[in-house]
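If you read the sequence from its start, that first residue is 1, and numbering goes on from there. Start at 1 and go down the list; that is how both ligands and their atoms are numbered.
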Amino acid sequence: MRYFYLGFILTVAAVVGLLGFRGSLSRKPPLEIFPDMVRQPKLRPQSPSDFYQDGMSSRAFPLGTIARTKPYTIAGQVVKVNGKSVYPYENNPLTTARVPGTTNFIELSPVPVTAKLVDRGQDRFNIYCLPCHGPVGNGQGVTSKFGVGGIADLHSRRIVEMTDGQIFWTITDGSPAKLMGPYGPMIPVEDRWAIVSYVRALQRSQLATMNDVPQSEQAALKK
Ligand code: HEC
């Protein structure tokens, strides 16, 4: 019991000694229990530094950094989905190609289809898809001559019947069996929808019937 009293008195003295004088003024340097938390060898933002060659402490953003504050644009125009602009961090059909809250692909592209968009899609398709799927998308691209097998014909019924969302997701993530690789990392979201619209234009071009030909031209074709 004696030791307990002794210990108790010492503890009280230590607590009062350490905490009791907090707030009172002193000319002595303060007690720093973990000084390395306060004093770190770090550079303050926007301050000069001779560590880097350009003499600045702040570094430039890495290439390809996406600003959270910048909405998606197509050809300089902010894309609106349901009247609202879309930001890269959002869970939105524009980037997921799915109906919100489900895993179902959206039926139609959320991007308004314009002649300019289809032109852009053609440009991108001819860079990224043509080597395998061919200029008309029938799967007879140049790589098929060099042994790449099983390239899908984009005019096959199954693919024509796919939703826009599913084609977008095939470009993003590759084919389900991964025989075709993902192109998401190299083709921006905006361009992927442009390619979807061009693939639809290609499909339409192969599905045209006589009724799609202007009447004045029909006679010439029938000959
Ligand atoms: C390296 C060759 C290659 C390139 C480039 C390529 N594809 Fe494919 N694509 C394939 C092959 C092979 C298949 C068949 C994949 C399979 O059956 O799993 C395929 C399948 C597809 C399918 C059907 C997917 C499915 O679910 O069956 C679509 C749609 C498609 N490609 C669109 C595109 C588009 C659009 C591009 C351009 C962005 C593109 N592909 C670029 C080789 C390629």
Side-chain angles (χ1 to χ4, degrees), residues 63-66 70-79 81 86-209 212:
L63 214 64
T65 301
I66 297 171
K70 268 204 196 136
Y72 283 108
T73 54
I74 289 184
Q77 293 272 319
V78 174
V79 192
V81 176
V86 184
Y87 294 86
Y89 56 86
E90 277 179 315
N91 199 349
N92 186 283
L94 187 74
T95 49
T96 61
R98 288 165 215 255
V99 180
T102 73
T103 51
N104 299 341
F105 288 113
I106 51 173
E107 196 72 37
L108 293 174
S109 163
V111 178
V113 177
T114 59
K116 222 169 150 186
L117 185 80
V118 181
D119 274 353
R120 174 74 182 167
Q122 179 175 35
D123 187 65
R124 298 292 105 177
F125 181 94
N126 289 352
I127 294 170
Y128 291 108
C129 321
L130 178 145
C132 291
H133 289 281
V136 294
N138 58 4
Q140 309 285 310
V142 67
T143 54
S144 67
K145 314 266 184 300
F146 289 94
V148 177
I151 304 175
D153 173 4
L154 300 181
H155 304 292
S156 69
R157 191 185 171 116
R158 193 174 58 82
I159 297 177
V160 171
E161 286 178 353
M162 274 184 185
T163 57
D164 285 357
Q166 202 171 354
I167 295 181
F168 176 90
W169 199 251
T170 305
I171 303 174
T172 308
D173 197 40
S175 71
K178 294 290 176 280
L179 287 174
M180 172 183 150
Y183 286 82
M186 26 211 148
I187 310 179
V189 167
E190 306 87 318
D191 285 343
R192 277 177 251 158
W193 287 116
I195 293 174
V196 170
S197 70
Y198 182 64
V199 168
R200 289 302 189 214
L202 283 178
Q203 290 173 340
R204 186 95 181 89
S205 75
Q206 303 294 304
L207 291 171
T209 63
D212 294 318

Test item: Gln203 and Ile159 side chains (from C-beta on) under 4.5 Å apart, heavy atoms: yes
For Gly121 against Tyr198, the heavy-atom pair lying closest together: C-CB, 3.6 Å
Atom OH of Tyr89: over 12 foreign heavy atoms under 6.0 Å: yes
Under 2.8 Å from atom 8 (Fe) of ligand 1 - protein N/O/S, by chain and number: His133 NE2, Met180 SD
Non-hydrogen atom of Arg192 closer than 4.0 Å to ligand 1: no
For ligand 1, the portion of Arg158 having any non-hydrogen atom under 4.0 Å away: side chain
contact_flag Gly150 ligand 1 heavy-atom lt 4.0 Å: yes
Close approach of Ile159 to ligand 1, heavy atoms, under 4.0 angstrom: yes
Which residue and heavy atom of the protein sit nearest atom 17 (O) of ligand 1, plus the separation: Leu179 CD1, 4.0 Å
Worked check of side-chain contact (heavy atoms from CB on, under 4.5 Å) between Arg124 and Arg120: CA-CA 6 Å; Arg124 298 292 105 177; Arg120 174 74 182 167; 3.6 Å; yes
Ser197 vs Val111 side-chain heavy atoms within contact, under 4.5 Å: no
Protein heavy-atom partner closest to atom 26 (O) of ligand 1 - residue, atom, separation in Å: Met162 CE, 3.2 Å
Candidate pair Arg204 and Asp212, rule side-chain contact (heavy atoms from CB on, under 4.5 Å), full reasoning: CA-CA 10 Å; Arg204 186 95 181 89; Asp212 294 318; 3.6 Å; yes
Location of contacts on Pro176 toward ligand 1, heavy atoms closer than 4.0 Å: side chain
side-chain contact (heavy atoms from CB on, under 4.5 Å), paired with Val86, selected from Val78, Thr73, Val81, Val79: Val81
CD/Gln77: more than 12 non-hydrogen atoms of other groups inside 6.0 Å: no
Under-4.0 Å heavy-atom contact with ligand 1, by part of Ile195 that carries it: side chain
Ring geometry between Tyr183 and Tyr128 (parallel below 30°, tilted from 30 to 60°, perpendicular above 60°): perpendicular
Thr172 to Arg192 - nearest heavy-atom pair and separation: OG1-NH1, 3.0 Å
Ligand 1 atoms in contact with Tyr183 (distance to a heavy atom under 4.0 Å): 1 (C), 4 (C), 5 (C)
